Amino acid sequence: MALWLFKSEPDVFGWPDQVALGDTGGEWHGIRNYQARNNMRLMQLGDRGFFYHSSIGKEIVGIVEVIGPSHPDSTTDDPRWDCVNVRAQRPFAHAVTLDKIRNHPALTEMVLVKNSRLSVQPVRPEEWDIICALGQTEP
DNA sequence: GCCAACGTTGGC
DNA sequence: GCCAACGTTGGC
């Protein structure tokens with residue numbers, strides 16, 4: 001099982017919107033970046049990811065589960081763009097802010113820190129565990 | 001709202 | 001295939 005991080009602007013689509021989709025979840029569509037798309041193509045059922053609020057909040061607020069494999073993005077006819085389906089798994093007891101991540105000595109190599117523009121990115125297991133602990137959430 | 005960083009496009 | 005111009009993202 002692999003671990004990821006999904007970014008979204010909460011005023012467009014935030015954690016409450018993801019929760020509202022329920023157990024059937026929905027497409028993580030609208031990604032128009034090759035690196036992010038390639039990451040989604042690598043995803044398998046049961047993979048999990050952090051849900052990160054960019055711009056407003058700048059914090060990780062919950063965990064999503066990949067429930068649908070990579071397939072064409074229904075919001076475009078352009079065959080280049082694929083997406084996966086995800087559903088909310090659980091919220092963080094405490095959101096983990098970008099500031100906190102930046103200032104944690106073991107998290108300075110995170111993609112979120114190194115390449116802040118990549119909207120779908122891999123997370124290392126040790127990073128996953130540290131952030132879950134900071135959020136007082138089960139891994 | 002600004003701007004730096006990054007990705008993409010298109011002319012050559 | 002290079003690179004300048006342009007557009008977008010996202011932190012501040």
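Bear in mind that the values here come from a model prediction, so they are computed numbers and not experimental data. To find a chain, count down the sequence lines: A is the first, B the second, and so on, and within it residues start at 1.
The aromatic ring centroids of A:Phe51 and A:Trp4 lie 6.0 Å or more from each other.
Here the side chain of A:Glu27 pairs no donor or acceptor atom with the backbone of A:His71 at under 3.5 angstrom.
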Taking only N/O atoms, report every protein-nucleotides 9-12 of chain C pair under 3.5 Å with atom names and distance.
residue	atom	partner	partner atom	Å
C:dG10	OP1	A:Lys7	NZ	2.8
C:dG10	OP1	A:Arg117	O	3.3
C:dG11	OP1	A:Tyr52	OH	3.3
C:dG11	OP2	A:Ser55	N	3.2
C:dC12	OP1	A:Arg102	NH1	3.3

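Rounding to whole angstrom units, CZ of residue A:Arg32 and P of C:dT8 are separated by 13 Å. Atom-to-atom, CH2 of A:Trp81 to P of B:dG7 comes out at 12 Å; the value is rounded to the nearest Å.
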Tell me which donor-acceptor pairs under 3.5 Å the side chains of residues 129-139 of chain A have, and how far apart each pair is, sequence neighbours excluded?
residue	atom	partner	partner atom	Å
A:Thr137	OG1	A:Ala93	N	3.3
A:Thr137	OG1	A:Gly135	O	3.1

Residues A:Asp78, A:Arg32; criterion side-chain contact (heavy atoms from CB on, under 4.5 Å); working and verdict: CA-CA 10 Å; A:Asp78 190 328; A:Arg32 303 291 182 265; over 6 Å; no
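Applying the ring pair (Phe, Tyr, Trp, His ring centres under 6.0 Å) rule to pairs touching residues 89-131 of chain A yields A:Phe50-A:Phe92, A:Phe50-A:Trp128, sequence neighbours excluded.
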